[in-house]
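In what follows, every heavy atom counts, from backbone to side chain, and hydrogens, waters and symmetry copies are set aside. In what follows, every chain begins at residue 1, and chains take the letters A, B, ... in the order their sequences are listed.
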Amino acid sequence: MKNKTLIVIAGPTAVGKTSFSIELAKMLGTEIVSSDSRQFYKEISIGTAKPTKEELARVKHHFINSLSIDEYYNVSRFEREVLDLLDELFLTYDYVVMTGGSGLYIDTVCKGIDELPDADESLRNLLKRRYKEEGLENLLDELKALDPEFYEEVDQDNPNRVLRALEVIRGTGKKYSELRKQPAKERPFNILKFCLNHEREELFERISLRVDQMVKEGLIDEVKSQLPNRHLNALNTVGYKEIFQYLDGNISLEQALTDLKTNTRRYAKRQITWFKRDPAYVWVHPNDINKVLEVIRNGIR
RNA sequence: GGUACCAUAGCUCAGUUGGUAGAGCAACGGACUGAAAAUCCGUGUGUCCCUGGUUCAAAUCCAGGUGGUACCA
């Protein structure tokens with residue numbers, strides 16, 4: 001029954017997922033699904049380290065340049081669209097490679113996510129205003145009254161979490177804690193998960209080099225072209241927010257690049273933390289594609 | 001070669017009249033359900049340059065050494 005396999009290639013930013021995945025997809029004769037929440041957007045390419053045109057020509061990629069920067073999108077839509085696409089791809093291929101650094105997006109494809117309402121912008125803005133005017137305490141009191149169970153488990157220092165919970169409760173009339181209790185979904189295909197990683201020092205060196213390379217390729221102009229869109233969520237992103245600061249004249253270019261590198265390192269760390277939590281990942285060095293092939297081979301038996 | 005100043009966390013530096021040390025940044029660890037490249041939480045990681053001396057006790061005082069910086073030759 002489960003004779004089809006999704007091969008997940010995860011890992012921190014700048015580790016080398018793109019070229020690794022292309023090699024792997026070539027060897028397996030298949031296509032690539034991107035699980036990168038910023039490479040969707042066709043307007044931003046340099047700062048998101050998208051595959052190059054040449055790379056895109058070597059293997060068919062999905063979910064790269066699939067959205068315009070002002071389009072609303074979320075992880076649930078991604079889940080649905082990827083599952084639909086996989087149905088189709090598995091008619092032709094035994095394996096499909098999924099690669100990208102967005103842990104939540106990967107997990108949602110692999111395990112599903114609870115049925116929750118999409119963001120309700122007007123409600124969200126209302127709650128945001130209350131947060132600014134009244135502070136988090138009042139909102140926490142309300143959450144405690146409406147959903148004591150979630151109040152106990154929520155990160156009470158994190159406004160985003162508290163606001164989202166209230167948004168869902170108000171939007172559905174149900175408790176957030178009850179809506180989030182659905183079990184992980186089973187997928188009709190096998191999943192093999194790999195996480196690429198380097199020694200920390202080498203990863204940081206790669207990050208530094210890549211940022212310098214992005215600047216040479218025209219990062220500043222790309223960010224400049226997005227100044228009118230800067231309020232959009234897609235641009236609340238490492239690589240863009242630092243350059244916006246430079247373009248605003250708040251910091252020097254040198255400082256902006258230093259900040260960009262620092263923030264990229266921190267992002268990489270958060271990614272590693274996310275992937276470490278999932279014991280299903282097999283950790284591999286980006287040179288060691290044979291290890292992946294071996295696991296795939298053993299997986300068949 | 002001489003004189004002066006300096007040497008403390010990865011970096012920049014604080015450290016009172018002697019009581020084995022602490023800030024910023026960096027880093028490290030963690031959380032994570034429609035904003036996720038987002039958002040949030042936690043943590044000092046040290047041969048106080050070396051050797052000897054004074055002292056109950058030395059990052060701190062003394063001597064010598066080493067290294068650095070500046071000036072004079």
**Request:** Check the chi torsion on B:G34 and let me know: syn if it falls within 90° of 0, anti if not.
**Result:** syn
Looking only at atom [atom1], what distance separates [N] and [M], rounded to whole Å?
N: B:C61; M: B:G18; atom1: P; answer: 8 Å
N: B:G64; M: B:U20; atom1: P; answer: 29 Å
N: B:G19; M: B:A59; atom1: C1'; answer: 12 Å
N: B:C48; M: B:U33; atom1: C1'; answer: 49 Å
N: B:C28; M: B:G15; atom1: P; answer: 30 Å
N: B:C5; M: B:G46; atom1: P; answer: 32 Å
N: B:A14; M: B:C25; atom1: C1'; answer: 15 Å
N: B:G44; M: B:C56; atom1: C1'; answer: 30 Å

**Item:** A:K50 with A:E217: basic N within carboxylate O range, under 4.0 Å
**Value:** no
**Asked** Taking 4.0 angstrom as the limit, do A:K185 and A:E79 come out as a salt bridge?
**Response** yes
**Item:** Partner set under ring-ring contact (aromatic ring centres under 6.0 Å, His included) for A:F90, not counting sequence neighbours
**Value:** A:F189
**Request:** Taking ring-ring contact (aromatic ring centres under 6.0 Å, His included) as the test, write out the residues that go with A:H285, two or more places apart.
**Result:** A:H198
**Message:** Less than 3.5 Å apart, any donor N or O on the side chain of A:E43 or A:N229 sitting next to an acceptor on the other?
**Reply:** no
Please give, in whole Å, the distance from [N] [atom2] to [X] [atom1]?
X: A:I169; N: B:U33; atom1: CD1; atom2: P; value: 14 Å
X: A:D107; N: B:G34; atom1: CG; atom2: C1'; value: 15 Å
X: A:L232; N: B:A38; atom1: CG; atom2: P; value: 16 Å
X: A:L163; N: B:G34; atom1: CG; atom2: P; value: 12 Å
X: A:L136; N: B:C41; atom1: CG; atom2: P; value: 11 Å
X: A:Y240; N: B:A35; atom1: OH; atom2: C1'; value: 17 Å
X: A:D118; N: B:U33; atom1: CG; atom2: P; value: 16 Å
X: A:R164; N: B:A36; atom1: CZ; atom2: P; value: 12 Å

Does OP1 or OP2 of [N] have a side-chain N or O of [X] closer than 4.0 Å?
X: A:N74; N: B:U33; answer: no
X: A:N158; N: B:A38; answer: no
X: A:K241; N: B:A38; answer: yes
X: A:R161; N: B:A35; answer: no
X: A:Y72; N: B:G34; answer: no
X: A:Y176; N: B:G34; answer: yes

Base, sugar-phosphate or nothing for [X]? Non-hydrogen atoms, less than 4.0 Å.
X: A:N236; result: sugar-phosphate
X: A:S76; result: base
X: A:G47; result: base
X: A:Y73; result: nothing

If you look only at distance, which donor and acceptor atoms sit under 3.5 Å apart when one is on a side chain in residues 121-128 of chain A and the other is two or more places apart or in another chain?
from   : atom 1 : to     : atom 2 : distance (Å)
A:S122 : OG     : A:D120 : OD1    : 3.1
A:R124 : NE     : A:E167 : OE1    : 2.7
A:R124 : NH2    : A:E167 : OE1    : 3.3
A:R124 : NH2    : A:E167 : OE2    : 3.3
A:N125 : ND2    : A:E121 : O      : 3.3

**Prompt:** Per the atom types in the model, does the base of B:U39 pair as donor or acceptor with the side chain of A:N160 at under 3.5 Å?
**Reply:** no
When you compare the side chain of [Y] with that of [X], does any pair of heavy atoms fall below 4.5 Å?
X: A:H62; Y: A:L89; answer: yes
X: A:I169; Y: A:F150; answer: no
X: A:E222; Y: A:I243; answer: no
X: A:E81; Y: A:Y73; answer: yes

**Message:** For RNA chain B, please output the secondary structure as dot-bracket, reading 5' to 3'. Pairs are Watson-Crick or G-U wobble, both atom distances under 3.5 Å; mark crossing pairs with [ ], other-strand partners with |, unpaired with a dot.
**Reply:** (((((((..((((.....[..)))).(((((.......))))).....(((((..]....)))))))))))).
**Request:** Would you mind building the protein contact string for nucleotides 25-30 of chain B? One character per nucleotide, 5' to 3', B for base within reach (heavy atoms under 4.0 Å), S for sugar-phosphate only, - for untouched.
**Result:** -SSSBS
**Request:** Please tell me which of A:K50 and A:Q182 maps to the more 5' nucleotide of RNA chain B, matching each residue to the nucleotide holding its nearest heavy atom.
**Result:** A:Q182
**Request:** Go through the steps for A:F78 and A:F40 under the test ring pair (Phe, Tyr, Trp, His ring centres under 6.0 Å), then give the verdict.
**Result:** CA-CA 10 Å; A:F78 182 71; A:F40 300 146; 5.5 Å; yes
**ring pair (Phe, Tyr, Trp, His ring centres under 6.0 Å): pairs with one or both residues in residues 220-278 of chain A, sequence neighbours excluded** = A:F275-A:Y281
